[in-house]
Asks: 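So that we are looking at the same thing, I have put the structure below in structure tokens.
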Amino acid sequence: MKRTHRCAELTVKDAGKEVVLMGWVQKRRDLGALIFVTLRDRSGIMQVVFNSETDPALHEKASQVRSEYVLAVRGTLALRSPEAVNKNMPTGELEVIAKELRILNKSEVPPFHIEEDSGANEALRLKFRYLDLRRPDLQRNLILRHRVAKIARDYYDENGFLEIETPVLTKSTPEGARDYLVPSRVHPGKFYALPQSPQLFKQLLMVSGYDRYMQITKCFRDEDLRADRQPEFTQIDLEMSFVDREDVMEVNEGFIRRLFKEIHNIDLPTPIPRLTYNEAMTRFGSDKPDTRFGLELVNVSDIVEESGFKVFSDAVKNGGSVRAINAKGAGAKFSRKEIDALGEVVKTYKAKGLAWIVVEENGLKSSFAKFLTEDEINALLKRLEAEKGDLLLFVADKDEVVFDALGHLRLELGEKLNLIDHDRYDVLWVTDFPLLERDEEENRWVAKHHPFTSPMDEDIEYLDTDPARVRAKAYDLIINGYEVGGGSIRIHSRELQNKLFNVIGFTDEQAKERFGFLLEAFNYGTPPHGGLAFGLDRLVMLLAKTDNIRDVIAFPKVQNASDLMTNAPDYVEDKQLEELSIKLVTKSEQ
RNA sequence: GGCCCGGUAGUUCAGUCGGUUAGAACGCUAGCCUGUCACGCUAGAGGUCGAGGGUUCGAGCCCCUUCCGGGUCGCCA
């Protein structure tokens, strides 16, 4: 028997045809002399009927099948009688009247139901990932992922990009995330590193004149996992020569627009909205703001600077600020206990506390209003456009802490107050990031993006005098509060690159040792260039409307970076270690 | 490394104040059943209450340790 169709590809137009279907038994309903089997393949399900009256031997065989058996069925595709139509099933008007059945393989009873929205524990599903992947929702996600990758390749190909592979076994570079290391057998004591991104290689491809490069490629970062972070993940990586920031943003907007059109038939605005880093921080307390709802931050530092509430006045006088969110209507909804819980939220982000005012029918209830004058309170209410039933929440600290705390508090409130429209996509660019940030531990400046990011031309003069003021030619693409892409125009002048290494405290020797090949390349005619990388997993996660990156990766890892199915990572034979000249300092029992 | 949540039948869960033989639903097995599609009916099997220790006359429940999973902070140029 040879398969003629997939189950759910058949329509009423095919009625009357003889078909051969192959797939897994979703469900067997045995009514005695009549047996219904729903057969499942990646397209969906189709009902197959076995009737003892027409073919007793066939019926007897069908009575042996169980869930997840693999069957080949030959039969006639028939229209169901009107009263037998199942409106809840895409192929509910059809069924196959079986003429021949082959049991291609048996199956043990699976450890969990293979069905949409499996309620089974994720650890169990990950251990039996190959079964989990039979479920329609995960199949949809992986098919979606394929389509996104296909659209990316098509789009960038149409725009003159070449897909070029870069090495996976490469050199460890300082800064950034922790590297995954691979020991060299041939060079005892030496290690390759798996790439955190193909950053240096794609810049070298620009030096080589390839002009427009793209690659869908795995990247590796040995850092702790999150709901939206895996240690190995996939980037749609690209780089372009002879471009400025606008060129890169424009071509990539085209991709994102095409993606949303083809996947969800959504027309994203042209151009995609932009926020500067400063605006994003002051309005939303985040450099990846979720703009699907309001609750924007309001600076009230000037009002409380001279107030009698020392928490506020000291914060401002020490160079920080006092900012607030008006949680509209939450004063009437939240209990004292719930407000205290919000205080715990901001403490997670190093805020010392959360000051609050509830605007009630007959006046105010507040944790701190007694320290303020009536004028100051009225000014606060006015600035925050407070109305009865509102809850005003204040954090006073260094700007960094205030933004972080209120930014996360805002997200919590958005969720708690049900302000987020989960069917909506807000896509935006955040631009004008600071080039550098202060590493307090090491007491030096470090690159916020990476050390090859170009400063804005007009800010170069401040590299020595006021590094914090220097903005980068960098841009991130944000969707619904997730960073799904980011990139920059790179430095292509050897002098400027040296300058930057100096600012971040690299000696010439260190720079040469780590990036020597890149710096040398820059001596041989480097075109102006820049690029960007999208996180494919996050992009698919958002398009699939899930909030867990594991749902869009075929074989993901769990929080401790292990794979519950293969049990990787695992111990290896002593012989393997010997060949690699590796001796373990501590060795657990094997 | 810190904080929070969870772990009881194959699965999802309930389990009162610490007290008799740990329950339900689904699934599974067997029998019956010709239009089911959450098929129905009858009967049955199925438990290391994550693990170890402690308190107690008695622990699924209380205490300690530990393992596993999730979320998060740190971390993620």
Side-chain angles (χ1 to χ4, degrees), chain A residues 26-38 45-54 59 63 66-68 78 80-89 91-95 97 108-115 117-128 131 173-179 196-197 199-200 219-231 233 341 344-350 404-405 408 411-412 433 435-437 439 441 445-453 472 474 483 486 488 500 504 506 514-515 533 535 547-548 550 557-560 562 564:
Chain A
Q26 177 67 38
K27 186 81 190 176
R28 176 186 57 113
R29 287 179 294 278
D30 186 344
L31 277 66
L34 200 60
I35 296 173
F36 298 96
V37 169
T38 40
I45 55 175
M46 172 65 76
Q47 174 163 283
V48 182
V49 194
F50 298 90
N51 192 326
S52 66
E53 211 164 72
T54 47
H59 172 271
S63 70
R66 294 292 183 271
S67 289
E68 302 307 318
R80 296 194 199 179
S81 62
E83 66 276 11
V85 165
N86 183 349
K87 292 195 187 72
N88 300 320
M89 192 173 151
T91 58
E93 293 176 86
L94 296 163
E95 63 189 2
I97 314 295
E108 289 184 20
V109 177
F112 54 88
H113 299 184
I114 313 283
E115 60 181 2
D117 299 321
S118 167
N121 178 284
E122 196 182 359
L124 184 75
R125 294 195 287 117
L126 286 169
K127 186 177 174 197
F128 296 93
L131 296 180
T173 52
E175 312 229 348
R178 207 172 286 118
D179 285 319
Q196 297 177 26
S197 82
Q199 182 62 33
L200 302 183
C219 303
F220 306 86
R221 296 178 189 178
D222 186 4
E223 299 292 350
D224 286 348
L225 289 77
R226 289 289 184 278
D228 65 346
R229 240 165 60 191
Q230 284 270 309
F233 61 101
E344 291 307 310
V345 172
V346 299
K347 280 179 190 165
T348 311
Y349 304 95
K350 301 211 183 76
D404 201 26
H408 284 94
L411 295 177
E412 177 87 11
F433 281 81
L435 183 72
L436 302 159
E437 61 190 350
D439 185 326
E441 255 175 48
W445 294 96
V446 295
K448 189 171 171 70
H449 190 49
H450 58 60
F452 316 107
T453 301
E483 183 195 329
S488 64
L500 204 87
I504 62 176
F506 275 33
R514 290 305 180 176
F515 306 114
D547 55 8
N548 189 327
R550 294 184 296 275
K557 292 177 176 54
V558 296
Q559 189 158 299
N560 64 17
S562 64
L564 296 181

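First the proteins, then the strands, lettered A, B, ... as listed; each starts at 1. Note that the structure is predicted; figures quoted are calculated from it, not measured.
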Asks: What integer number of Å spans the C1' atoms of B:rG47 and B:rG2?
Replies: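 One C1' to the other, the span is 36 Å.
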
Asks: My understanding is that only residues two or more places apart in sequence, or in another chain, count here; which of them pass side-chain hydrogen bond (donor to acceptor under 3.5 Å, both in side chains) with A:E412?
Replies: A:K416

Asks: Would you indicate what A:E95 reaches in the nucleic acid, counting non-hydrogen atoms under 4.0 angstrom: base, sugar-phosphate, or nothing?
Replies: base

Asks: Under 4.0 angstrom, heavy atoms only, what part of the nucleic acid is A:S197 near: base, sugar-phosphate, or nothing?
Replies: base

Asks: Would you mind telling me which of B:rU34, B:rC76, B:rU11 lies closest to the side-chain atoms of A:N51?
Replies: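 For A:N51, the side-chain atoms sit closest to B:rU34.
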
Asks: Could you state the CG-P distance from A:N86 to B:rG35, rounded to the nearest angstrom?
Replies: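 Value for this atom pair: 16 Å.
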
Asks: In whole Å, what is the span from the NE2 atom of A:H59 to the P atom of B:rG35?
Replies: 12 Å

Asks: Using the C1' atom as the point on both nucleotides, what is the distance between B:rC57 and B:rG18, in whole Å?
Replies: 12 Å

Asks: Determine the interatomic distance between P on B:rG35 and the same-named atom on B:rA30; round to the nearest Å.
Replies: 23 Å

Asks: OP1 or OP2 of B:rU36 sitting under 4.0 Å from any side-chain N/O of A:R29?
Replies: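 So the side chain of A:R29 is outside the cut-off, no N or O lying under 4.0 Å from OP1 or OP2 of B:rU36.
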
Asks: Students often get this wrong, so: under 4.0 angstrom with heavy atoms, is A:A84 touching a base, only sugar-phosphate, or nothing?
Replies: base

Asks: Sub-3.5 Å donor-acceptor pair from the side chain of A:S562 to the main-chain atoms of A:V558, do we have one?
Replies: no

Asks: If we ignore hydrogens and angles and just use 3.5 Å, is the side chain of A:R29 paired with the main-chain N or O of A:F36 as donor and acceptor?
Replies: no

Asks: Between B:rC37 and B:rG46, how far apart are the P atoms? Round to whole Å, please.
Replies: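 Roughly 31 Å separates the two P atoms.
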
Asks: Would a distance-only check, ignoring hydrogens and angles, find a side-chain to backbone donor-acceptor pair under 3.5 Å from A:R66 to A:V109?
Replies: no

Asks: Under 3.5 Å, is there a donor-acceptor pair between the side chain of A:R28 and the main chain of A:I35?
Replies: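 Checking the backbone N and O of A:I35 against the side chain of A:R28, no donor-acceptor pair under 3.5 Å is found.
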
Asks: Looking only at atom C1', what distance separates B:rG52 and B:rA38, rounded to whole Å?
Replies: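 The same atom, C1', in both gives a distance of 42 Å.
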
Asks: Return yes if some donor-acceptor pair links the side-chain N/O of A:S118 with the main-chain N/O of A:E115 below 3.5 Å, else return no.
Replies: no

Asks: In chain order, what residues pass the side-chain hydrogen bond (donor to acceptor under 3.5 Å, both in side chains) check against A:K127, with sequence neighbours excluded?
Replies: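 Partners of A:K127 under the side-chain hydrogen bond (donor to acceptor under 3.5 Å, both in side chains) test: none.
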
Asks: What integer number of Å spans the P atoms of B:rG50 and B:rG10?
Replies: 13 Å

Asks: Ring-plane angle category for A:F112 and A:F128, please: parallel below 30°, perpendicular beyond 60°, tilted otherwise.
Replies: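 Perpendicular, since the angle between the ring planes exceeds 60°.
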
Asks: Rounded to whole Å, please give me the gap between CZ in A:F50 and P in B:rC37.
Replies: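 Atom CZ in A:F50 sits about 18 Å away from atom P in B:rC37.
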
Asks: Assuming nearest nucleotide by heavy-atom distance, tell me which of A:G92 and A:A120 is located more 5' along RNA chain B.
Replies: A:A120

Asks: Please tabulate, one pair per line, each protein N/O and nucleotide N/O from nucleotides 31-33 of chain B that are separated by under 3.5 Å, including the distance.
Replies:
residue, atom, partner, partner atom, Å
B:rC33, N3, A:D30, O, 3.1
B:rC33, N3, A:G32, N, 3.3
B:rC33, N4, A:D30, O, 3.4
B:rC33, N4, A:D30, OD1, 3.3
B:rC33, N4, A:G32, N, 3.3

Asks: Closer than 3.5 angstrom, by distance alone: can the side chain of A:S197 be matched with the main-chain N or O of A:C219 as a donor-acceptor pair?
Replies: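 Judged by distance alone, no pair lies under 3.5 Å.
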
Asks: Can you name the side-chain contact (heavy atoms from CB on, under 4.5 Å) partners of A:D404, sequence neighbours left out?
Replies: A:Y349, A:H408

Asks: Between P on B:rA38 and CG on A:D117, what's the gap in Å once rounded to a whole number?
Replies: 15 Å

Asks: So which protein nitrogen or oxygen atoms get under 3.5 Å of nucleotides 7-10 of chain B's nitrogens or oxygens?
Replies:
residue, atom, partner, partner atom, Å
B:rG10, O2', A:P111, O, 3.0

Asks: Please name the pair of heavy atoms, one in A:V49 and one in A:E95, separated by the smallest distance, quoted to 0.1 Å.
Replies: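 Smallest heavy-atom distance, with atoms named: CG2-OE1, 3.3 Å.
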
Asks: On a whole-Å scale, what distance lies between the P atoms belonging to B:rA22 and B:rA45?
Replies: 14 Å

Asks: Measure from CD on A:Q47 to P on B:rC39 and round the result to the nearest Å.
Replies: 11 Å

Asks: Rounded to whole angstroms, how far apart are CG on A:L131 and P on B:rU11?
Replies: 13 Å

Asks: Salt-bridged, A:E223 to A:R229, with N to O below 4.0 Å?
Replies: no

Asks: Once you round it to whole Å, what is the distance between C1' of B:rG35 and NZ of A:K87?
Replies: 15 Å

Asks: Between the protein and nucleotides 67-74 of chain B, are there any N/O to N/O pairs under 3.5 Å, and if so, what are the atom names and distances?
Replies:
residue, atom, partner, partner atom, Å
B:rG69, OP1, A:N560, ND2, 3.3
B:rG69, OP2, A:N560, ND2, 2.8
B:rG70, OP1, A:Q559, N, 3.1
B:rG70, OP2, A:Q559, N, 3.0
B:rG70, O3', A:R550, NH2, 3.1
B:rG71, OP1, A:R550, NH1, 3.3
B:rG71, OP1, A:R550, NH2, 3.1
B:rG71, OP2, A:Q559, OE1, 3.1
B:rG71, N7, A:Q559, OE1, 3.4
B:rU72, OP2, A:A227, N, 3.2
B:rU72, O4, A:Q559, NE2, 3.1
B:rC73, OP2, A:R226, NE, 3.2
B:rG74, N7, A:R226, NH2, 2.8
B:rG74, O6, A:D224, OD2, 3.4
B:rG74, O6, A:R226, NH1, 2.9
B:rG74, O6, A:R226, NH2, 2.8
B:rG74, N1, A:D224, OD2, 2.6
B:rG74, N2, A:D224, OD2, 3.3

Asks: For atom P, what is the distance between B:rU16 and B:rU11, given to the nearest Å?
Replies: 22 Å

Asks: Students often get this wrong, so: under 4.0 angstrom with heavy atoms, is A:E53 touching a base, only sugar-phosphate, or nothing?
Replies: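 Base contact - A:E53 has a heavy atom under 4.0 Å of at least one base atom.
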
Asks: OP1 or OP2 of B:rG27 sitting under 4.0 Å from any side-chain N/O of A:K27?
Replies: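 So the side chain of A:K27 is within the cut-off, an N or O lying under 4.0 Å from OP1 or OP2 of B:rG27.
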
Asks: Just by modelled atom types, is the A:Q196 backbone N or O under 3.5 Å from a matching donor or acceptor in the A:R221 side chain?
Replies: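 Yes, the answer is positive, given that a donor and an acceptor are paired below the 3.5 Å cut-off.
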
Asks: Base, sugar-phosphate alone, or nothing: which one does A:R80 contact when heavy atoms must sit under 4.0 Å apart?
Replies: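 Base contact.
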
Asks: CD of A:Q26 versus P of B:rA38: gap in Å, rounded?
Replies: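 In whole Å, B:rA38 P and A:Q26 CD are 12 Å from each other.
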
